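I have placed the structure first, in the form of structure tokens, so that the comments after it can refer back to it.
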Amino acid sequence: MEKIRMATPLVEIDGDEMTRVLWQMIKDELIAPYVDLNTEYYDLGLKNRDNTDDQVTVDAANAIKRLGVGVKCATITPNAARIKEYDLKTSYPSPNATLRAILDGTVFRAPILVKGIEPCVKNWKKPITIARHAYGDIYKNVEMRVPGKGVAKLVFEGIDGTVEEKTIMEFEGPGIVQGIHNLDSSIEKYARACFVYALANKQDLWFASKDTISKTYDGRFRDIFQKIYEEDFKEKFAEAGISYFYTLIDDAVARIMKCEGGILWACKNYDGDVFSDMLSSAFGSLAMMTSVLVSPDGCFEYEAAHGTVQKHYYKHLKGETTSTNSVATIFAWTGALAKRGELDSNEELTCFAKKLEKATINTIESGKMTGDLARITNLENVETLDSLGFIQAIRKTLDAMM
């Protein structure tokens, strides 16, 4: 068959460790045989980030702003052990945080449901989508080690010369201190994105924070959400038969365990990071969740919601067989290809992406899967495949569909 052509490139962002290995397998087995792949490539592998002083991450973000669609492999955010392991010049920030700060978007994450993989929470009948604010908080923090006795203060110097300050802590000995921030403009864009998404999908919207403790910081999120809802979305929600409500984050966690799903749960940045992992694991596997960053100006960045699968990578380096789940990474590619096709009015490309998703799900439901799913499925006589074998099984299913 003639390969599907792409008029406009999408931004391809390579990553680290086992997901980088899967990335190439997916391209070789599931995309290149069918699509004349057109990408603008950026290598965010940790060594290349170090070689470019992390400029490559900024360049990748600006490329997404220019081309409109990107697809990203999982990457390493280095801690002290990684700095030593990779002999890095410095401790680089989370590449995802850098991308999100430049694109200033909202991350939407939802589980990939397949028959035979039942949620751990028995009353979850429908997918639960997480909306994660993608700017600020601890991902843009400033922190320091306090060496000894002294006073830490929060100081704001206005452009008009006014100064406002508050004492954070009078230290009697060594400790730590951290400063975080957010922007009204970013919170407003986030809130609007959540309301629009909920309305488009006819899902109830929850927003949760901790304004009883963080009366100013979290309270600002609460007030902005409420204002935008009252002014622009209250009547639209009523017409659609859906609801919005605000609650405390701990109350939301308790409620989520008892609901049947089918909602959009909006979280601040760190909460969204934690609870999206909880949901993906409870629905089956960390490798069974889609993730897309949507910017206010209509740019899209698709990625897997999990990490680089470090343990499997070390086994791979030793020549040992791994059974690594590649579904979320496959769906990152299909999401980007489908969106590229949609924006370019390339129906053939969009159709291919949807077929690849269907082939992936059909392969699992036929009893062929990776080890993480084989351990929790209620299907009988399943076949546990290694990393490449699973991708090749999907290709056989896809060939039959094509």
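Keep in mind the model is a prediction, meaning the values are calculated, not measured.
Contacts classified as salt bridge (Lys or Arg N to Asp or Glu O under 4.0 Å) and involving residues 234-245 (residues at least two apart or in different chains) are given here: E230-K234. Residue pairs meeting the salt bridge (Lys or Arg N to Asp or Glu O under 4.0 Å) criterion with at least one member in residues 113-129, sequence neighbours excluded: K126-E260. Residue pairs meeting the side chain to side chain donor-acceptor pair (under 3.5 Å) criterion with at least one member in residues 146-161, sequence neighbours excluded, are K153-E165, D160-T162. Among pairs with a residue in residues 214-229, those fulfilling salt bridge (Lys or Arg N to Asp or Glu O under 4.0 Å) read D184-R220, D211-R222, D218-K268, K227-E231, at least two apart in sequence or across chains. Contacts classified as side chain to side chain donor-acceptor pair (under 3.5 Å) and involving residues 195-207 (residues at least two apart or in different chains) are given here: D204-S243. Residue pairs meeting the salt bridge (Lys or Arg N to Asp or Glu O under 4.0 Å) criterion with at least one member in residues 129-141, sequence neighbours excluded: R132-D273.
Shown here are the ring-ring contact (aromatic ring centres under 6.0 Å, His included) partners of F237, two or more places apart in sequence or in another chain: F195, Y229. T334 meets the side chain to side chain donor-acceptor pair (under 3.5 Å) test with E357; sequence neighbours excluded. Listed by chain and residue number, D104, H133 satisfy the side chain to side chain donor-acceptor pair (under 3.5 Å) test with S186 (two or more places apart in sequence, or in another chain). Residues meeting the side chain to side chain donor-acceptor pair (under 3.5 Å) test with Y270, sequence neighbours left out: none. Every residue meeting the salt bridge (charged side-chain N to carboxylate O under 4.0 Å, His left out) condition with D344, not counting sequence neighbours, appears here in chain and number order: R340.
With hydrogens and angles disregarded, no donor-acceptor distance shorter than 3.5 Å links the side chain of T377 to the backbone of L373.
Other residues, nucleotides and ligands contribute at most 12 non-hydrogen atoms within 6.0 Å of the NZ atom of K311.
Here CD1 of I76 is found 5.0 Å from OG1 of T308. Values are rounded to the nearest 0.5 Å. Summarising the geometry, atom OG1 belonging to T363 is positioned 11.0 Å from atom CD1 belonging to I391; distances are rounded to the nearest 0.5 Å. Rounding to the nearest 0.5 angstrom, the gap separating the CE atom in M169 from the CD1 atom in I176 is 11.5 Å.
The shortest side-chain heavy-atom distance between E12 and W23 falls under the 4.5 Å cut-off. With contacts defined as side-chain heavy-atom distances shorter than 4.5 Å, the pair P111/M288 does not qualify.
Y246 and F207 have tilted rings, their planes meeting at an angle from 30° to 60° on a 0 to 90° scale.
The side-chain hydrogen bond (donor to acceptor under 3.5 Å, both in side chains) with Q310 is formed by just one residue from the set R82, E17, K315; it is R82.
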Begin from the C-alpha positions of D54 and K89 and carry the test salt bridge (charged side-chain N to carboxylate O under 4.0 Å, His left out) through to its verdict. CA-CA 11 Å; D54 211 25; K89 288 179 276 189; over 6 Å; no
side-chain hydrogen bond (donor to acceptor under 3.5 Å, both in side chains), that's the test. Do T324 and Y313 meet it? Break it down for me. CA-CA 9 Å; T324 315; Y313 181 61; over 6 Å; no
Might you work through the salt bridge (charged side-chain N to carboxylate O under 4.0 Å, His left out) test for D271 and K210, ending with a clear yes or no? CA-CA 11 Å; D271 292 342; K210 194 66 174 176; over 6 Å; no
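We find that E342 and K354 are not joined by a salt bridge, their nearest charged nitrogen and carboxylate oxygen being 4.0 Å or further apart.
No hydrogens or angles considered: a donor-acceptor pair under 3.5 Å links the side chains of Y34 and D399. Y135 and N182 are not linked by any side-chain donor-acceptor pair at a separation below 3.5 angstrom, with hydrogens and angles left out of the test.
Here Y244 and F233 keep their ring centres 6.0 angstrom or further from each other.
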Check: residues 61-75 side-chain donor-acceptor pairs under 3.5 Å, at least two apart:
{"unit_1": "N62", "atom_1": "ND2", "unit_2": "V58", "atom_2": "O", "d": "3.3"}
{"unit_1": "R66", "atom_1": "NH1", "unit_2": "E40", "atom_2": "OE1", "d": "3.3"}
{"unit_1": "R66", "atom_1": "NH2", "unit_2": "E40", "atom_2": "OE2", "d": "2.6"}
{"unit_1": "K72", "atom_1": "NZ", "unit_2": "T75", "atom_2": "OG1", "d": "2.9"}
{"unit_1": "K72", "atom_1": "NZ", "unit_2": "N96", "atom_2": "OD1", "d": "2.9"}

